[in-house]
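Bear in mind the structure is a predicted one, so any value in this text is a computation, not a measurement. Below, chain A is the first sequence line, B the second, and so on; all start at residue 1.
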Amino acid sequence: MRLFELSSAARWTTLVMATMALTLAGACSKKAKVEAEQDVGADNPDASAPPFVEAQMELENIYFDYNEAMIREEAKAVLAAHAEWLKANENVQLQIEGHCDERGTEEYNLALGELRANAVKDYLVSMGVNSDRIYTISYGEELPVDPEHNEAAWAKNRRAQFSVTYQ
Amino acid sequence: MKRETAALITIIGALTLAAPSIARAVTVHNIKSTRHDSKMIEIAIAPLESRSNARAGIEFAKVVSFDLKFSGYFDPSEDLAAALKSAERDKARGSIDFASWRKLTSHFLLKGAIETDPGKRGKVTLSASIYNVGNGANLFRKRYTGYQEQLRLMAHMVSDDILDRFTGEKGVATTRIAYTSRLDRGKDLFMIDYDGANRQRLTNDRSLVLFPAFSQRKNQILFTSYTRRNPDLYLLDLISRERSVVSKKLGLNTTGEFDPVGDRIVFSLSYRGNSEIYIVNADGSGARKITQARSIETSPTFSPDGRSIAFTSDRNGSPQIYVMRDDGSDVRRMTHTGRYNESPTWSPTGDYIAFSSLGDGNFDIAMIDATDLDRDRARPLIHLTNQPGNDESPSFSPRGRHIVFSSNRSGTKQLYLMNRSGANQTQLTSSSGGAFSPSWGGSILDALTE
């Protein structure tokens with residue numbers, strides 16, 4: 001959809017600029033500085049999409065251990081299936097949301113959710129999915145699926161959730 | 001929004017402090033000794049005399065009573081019925097009957113009156129005086145002018161003047177606190193007076209708004225919002241109500257905080273999934289990365305001299321508090337006990353760092369000594385709270401004597417105030433959407449007289 005087109009365009013522009021910058025940098029040996037600036041990443045493309053995207057196709061969640069962003073063994077099979085489906089449906093863009101349970105501070109959990117979303121992205125990319133099709137976002141502990149305060153609820157809330165849009 | 005803002009400035013501009021020299025001319029006796037023995041200063045607060053509005057007079061007494069009690073130095077008489085009766089007697093006599101006030105206080109009496117200004121519509125003049133009930137001496141007298149709707153603010157100004165007069169300390173009565181509260185599925189930004197009054201909603205993002213941080217120098221609040229789907233860092237100017245983008249890189253742009261001068265912003269930015277600490281100029285230019293680790297680095301806070309930064313990192317397995325110089329050098333781990341220590345905030349006096357600490361079971365507010373940073377020495381955790389429920393997100397008052405924090409000890413997350421020692425823990429909000437991530441800001445008067 002529009003958001004992802006913008007997103008891809010922004011990334012592409014950044015990539016082109018970075019490549020040019022690196023080429024120039026090679027000539028005047030300022031590579032390190034250029035890389036440091038590049039490291040900040042691309043701007044949010046400012047799409048005015050609704051903040052909470054509703055899933056149009058249910059891809060099964062995967063779950064994490066407490067305070068961990070490592071992909072569990074049983075989640076790998078789920079992600080392998082997601083990767084196959086994504087490769088078979090080239091017109092689909094994927095959003096991966098990283099979520100946490102309520103334990104820990106809001107600040108830390110937001111960072112942890114980001115690590116989880118990116119761990120999932122890296123795994124899908126390693127299975128052959130093009131990284132330009134994937135957008136990650138962390139919601140930390142802000143959007144629990146189960147509001148209870150017990151281990152069963154926490155286990156459900158420590159998750160990566162997927163939503164897909166069709167181009 | 002614009003129109004309200006313009007009105008507010010005019011109102012504050014109209015507030016003038018008159019004749020502090022009157023009070024100075026009076027001999028201030030017995031005050032220092034009252035402070036230095038550990039006994040509280042007793043004070044009776046008479047409802048304001050008002051020809052037209054008795055309720056305003058009582059509201060004034062309640063506001064000042066809360067402020068003075070909160071300061072920790074005063075023990076205001078809570079017997080409002082008796083104060084009303086004594087005030088009536090004074091009015092009938094045409095003079096103060098100190099004998100009747102001595103039943104309510106053995107030290108001081110605050111009396112005042114409010115009069116409408118005949119020349120200017122809506123304007124009022126409030127006069128306040130303090131008497132020693134033992135000998136009837138007038139120790140303090142001051143006049144305040146403003147608009148009728150500003151009565152609470154004028155009462156807070158009286159409180160801070162009394163505190164200053166008796167203890168030499170600057171009070172917090174005109175300060176405000178920013179926080180977030182849930183609405184539907186998201187959260188928005190709110191602001192209240194430090195005593196819980198005047199709740200204002202500052203954003204309407206239909207999204208998630210997180211981690212507000214007041215600038216102590218400027219009338220501005222930093223926060224993160226998902227309004228453009230990505231968690232971007234924004235700056236809200238409280239006078240113009242205009243919002244600008246500080247950082248909007250793909251990924252997290254969170255936990256921003258100003259340096260003490262207001263020139264730089266330190267925040268947490270994730271790129272390829274891993275949060276690092278960055279510093280950016282206040283206008284959003286010149287972002288530079290100052291940590292480089294494979295772990296989570298977040299929640300940075302400047303020391304009051306602006307030369308050091310405390311932050312959370314899990315580089316050694318669990319989240320702990322670290323300190324570094326503002327160029328990223330000389331990183332030191334500050335906490336070694338407690339399973340998790342997160343969300344540090346540096347006291348404005350520089351001597352402590354407070355944070356959320358997970359001991360056995362739940363988070364408490366704790367702090368450590370933050371002096372002599374060059375020396376590696378034991379810095380034992382000083383626990384300030386020890387209640388069931390999680391106490392999180394501490395933020396110091398502008399001069400560091402008090403802390404606001406969030407806690408779910410009552411069931412939902414709400415804001416609480418306490419002294420820096422952990423004493424006098426008081427619930428501040430009872431919001432149906434809860435209250436999260438408080439940030440204690442400066443005085444509304446400082447901000448608007450710039």
Inset, instruction - Write out all pairs satisfying salt bridge (Lys or Arg N to Asp or Glu O under 4.0 Å) with one or both partners inside residues 104-116 of chain A, taking only residues at least two apart or from two chains. - result: A/Glu106-B/Lys187
Inset, instruction - Please indicate whether B/Arg243 has more than 12 foreign heavy atoms, meaning atoms of other residues, nucleotides or ligands, lying under 6.0 Å from its CZ. - result: yes
Legend entry - Which portion of A/Ala111 sits near chain B, non-hydrogen atoms under 4.5 angstrom: both
Inset, instruction - Just give me the residue among B/Thr312, B/Asp314, B/Thr254, B/Asn390 that pairs up with chain A most often, heavy atom to heavy atom, under 4.5 Å. - result: B/Asp314
Legend entry - Min side-chain heavy-atom separation B/Ser393-A/Thr105 under 4.5 Å: no
Legend entry - B/Arg229 to A/Tyr135 six-membered ring, cation-pi geometry met (6.0 Å, 45°): yes
Legend entry - Rounded distance (nearest 0.5 Å) linking atom CG of A/Asn67 with atom OH of B/Tyr340: 4.0 Å
Legend entry - Side chain, backbone, both or neither of B/Ser437 within contact of chain A (heavy atoms, under 4.5 Å): both
Legend entry - Separation of A/Glu142 CD from B/Phe436 CZ (nearest 0.5 Å): 7.5 Å
Legend entry - Toward chain A, the part of B/Ile296 with a non-hydrogen atom under 4.5 Å: side chain
Legend entry - Among the listed options B/Ser406, B/Ser299, B/Ser343, B/Ser275, the residue most often paired with chain A at heavy-atom distances under 4.5 Å: B/Ser343
Inset, instruction - Among residues two or more places apart or on two chains, list those pairs meeting ring-ring contact (aromatic ring centres under 6.0 Å, His included) that have a residue in residues 90-110 of chain A. - result: A/His99-A/Tyr139
Legend entry - CG on A/Asn118 to CG on B/Asn274, rounded to 0.5 Å: 9.0 Å
Inset, instruction - May I ask you to test the A/His149-B/Asn408 pair for a side-chain heavy-atom distance under 4.5 Å? - result: no
